[in-house]
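Remember, predicted model here, so these are calculated numbers, not experimental data.
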Number of protein chains: 2
Amino acid sequence: MPTSENGSTPVYREIADELREQIRSGRLTDGDRLPGENTLMERHGIARATARQALSELINEGLASPVRGSGVYVRLFRPVRRHGSRRLSRDIWGRGGSIWQTQERDYEVDRLLVDEAVPEAHVARALGLAEEEAVLRRSRRYLVDGRPVQNAVSYLAPAVAAAAPRVREHDTGPGGVYARLAEVGLAPVRFTEEIRVRMPTPGEREDLSLPPGTPVVDVARTALADGNRPVEFGEITMDGSAYVLQYDFEA
Amino acid sequence: MPTSENGSTPVYREIADELREQIRSGRLTDGDRLPGENTLMERHGIARATARQALSELINEGLASPVRGSGVYVRLFRPVRRHGSRRLSRDIWGRGGSIWQTQERDYEVDRLLVDEAVPEAHVARALGLAEEEAVLRRSRRYLVDGRPVQNAVSYLAPAVAAAAPRVREHDTGPGGVYARLAEVGLAPVRFTEEIRVRMPTPGEREDLSLPPGTPVVDVARTALADGNRPVEFGEITMDGSAYVLQYDFEA
DNA sequence: AAGTGGTCTAGACCACTCG
DNA sequence: GAGTGGTCTAGACCACTTA
């Protein structure tokens, strides 16, 4: 029994292509069950490992998600919009809202941690500090619809934290950290965001409940007060399937 | 629905963790060869499929790349910076530069295609057109250091293309499409960019020479002329490992 | 020619889900 | 209890790279 031959494309790939086409065409949609390993083995006369490989193609592309003891299901994609400029505009946090207020979806913060730490070199550089200088660190995880969607860590230079002591509290009050900074004349006036994309580490996969085939987005944000003085540096790791990032800017 | 809990970590995972740690610590770096399937089988007393699964973990994370007949190698990450706002600023294309001028790296355009087509619904919507109306389409692939890094398609409404006929040419002249639009009073004054992240389709994997474990970034850009009139809509698919996107904006 | 990864077969035991 | 995906073994042939 020489394996079926078609010159070039491997069998598992052809099966994956066929299933992908059914998803693309809409014949299979969000939450539908894909044919299982046994079904594929029988239908195509192949070994188990080959059927698995076909399914793992789709899983690694983020189009499907395996559920132990149940099946492999087509995966849904309902991203949340995150506005760059508008989101951080003074209008919003100046009125006591949070940067998340432009979202229609519910959100929660869980696992908020506030501490001090000597930051890594790139953080110190972003804040314009000498190394070895400790900074205030605020770490938190955000949930949307009860599902973890991002981890965020923000760093505040000691001088800044000293000027606005409430940023050390868990509850920083209406408008959050930026509003407290504004009260002491350190309002952010400019932001820089750097976006990188990559596959998550196993730890992040677990922490954000990411199915296989889901990339993450790293956003590194620097907030600058008047005179281009850096007042905050934030690192955010987001579930890439959960967001659409939007930036509006002038020519 | 989700998710999985683990009592004991599988063998393939432990091996992958070990190798990942060697990469993270720097003991193995860019271009180094990882232990092969045979080595892992012997060293850990496992079957071939298990060794393969360990290596495929790293490959799917984008940390390593397999080379047929040779080995599995640690993968390098040298992204190019792409500026949002600054890049598209009038300063640059007003002086006859291209949006790529802020890059230090060499770039090339290959496979430039200019034609007319009835666009998909979301494109028609972005350009404010009735459906079924044909638009001018410019498709091209960009190379950096000889390596394909992005595919871009831009759409121009028929009225806009009629006003600036040179946008139908392959060579649109100094400053490119935007400069031609500016000459007829249709200079873009505002841009909106939407960023999405996902795993590539097999076709994109081939087209952009993407190794497994490399996500792509989709940028959907709308250029608006005076009076918020949409003049161009562009869709870009980028090799996620090749770029850092930067956006600067005011509070 | 030897070694490598790519594909595939044919089994096995397990933990889990579901009716 | 039947079915599912998760893990693993022990083989095989192939195309390709490297020396």
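Each of dT7(D), dT9(C), dA10(D) was ranked by its minimum atom distance to the side chain of Pro10(B); first place goes to dT7(D). With dG5(C), dC8(C), dG5(D) as the candidates, the nucleotide lying closest to the side chain of Glu37(A) is dG5(D). Residue Ala49(A) places its side chain closer to dT9(C) than to any other of dT9(C), dG6(C), dT4(D).
In this structure, CD1 of Ile59(B) is placed 12 Å from C1' of dT4(C), rounded to the nearest angstrom. One can place CG of Leu34(B) at 16 Å from C1' of dG3(C), the figure rounded to the nearest angstrom. Atom CZ in Arg52(B) sits roughly 17 Å away from atom P in dC14(D) (whole-Å rounding). If you take CG of Leu40(A) and P of dT4(D), they are 11 Å apart, rounded to a whole angstrom. We find that CD1 of Ile15(B) is positioned 13 Å from P of dT7(D), with the value rounded to whole Å. Rounded to an integer number of Å, the gap from CD of Glu57(A) to P of dG6(C) is 12 Å. The CZ atom of Arg68(A) sits 16 Å away from the C1' atom of dC18(C) (whole-angstrom rounding). Going from atom CE of Met41(A) over to atom P of dG3(D) covers 14 Å, rounded to whole Å.
Ring pair His122(A)/Phe233(A) is perpendicular by interplanar angle, where above 60° counts as perpendicular and below 30° as parallel.
Remark: Arg48(A) is not in phosphate contact with dG5(D), judged by side-chain N or O atoms under 4.0 Å from OP1 or OP2. The side chain of Ser70(B) places no N or O atom within less than 4.0 Å of a non-bridging phosphate oxygen (OP1 or OP2) of dC16(D). Regarding contacts with the backbone of dT4(D), a side-chain N or O of Asn38(A) is found under 4.0 angstrom from either OP1 or OP2. Listed pair Tyr12(A) / dC8(C) fails the phosphate criterion, with no side-chain N or O lying under 4.0 Å from OP1 or OP2.
Heavy atoms of Arg13(A) sit nowhere under 4.0 angstrom from any nucleic acid atom. Contact annotation for Leu55(A): no contact, since no heavy-atom pair falls under 4.0 Å across all strands.
The nearest heavy atom of DNA chain C to Tyr73(A) and to Gln53(A) marks one nucleotide each, and the one closer to the 5' end goes with Gln53(A).
Around atom CD of Glu21(A), more than 12 heavy atoms belonging to other residues, nucleotides or ligands sit under 6.0 Å away.
With contacts defined as side-chain heavy-atom distances shorter than 4.5 Å, the pair Arg140(B)/Ser154(B) qualifies. Two residues are said to be in side-chain contact when any heavy atoms from C-beta on lie closer than 4.5 Å; Arg75(A) and Thr214(A) meet this criterion.
Test Ile195(B), Val80(B), Val219(B), Leu208(B) against Met238(B) for side chain to side chain contact (heavy atoms under 4.5 Å, CB included) and you get one pass: Val219(B).
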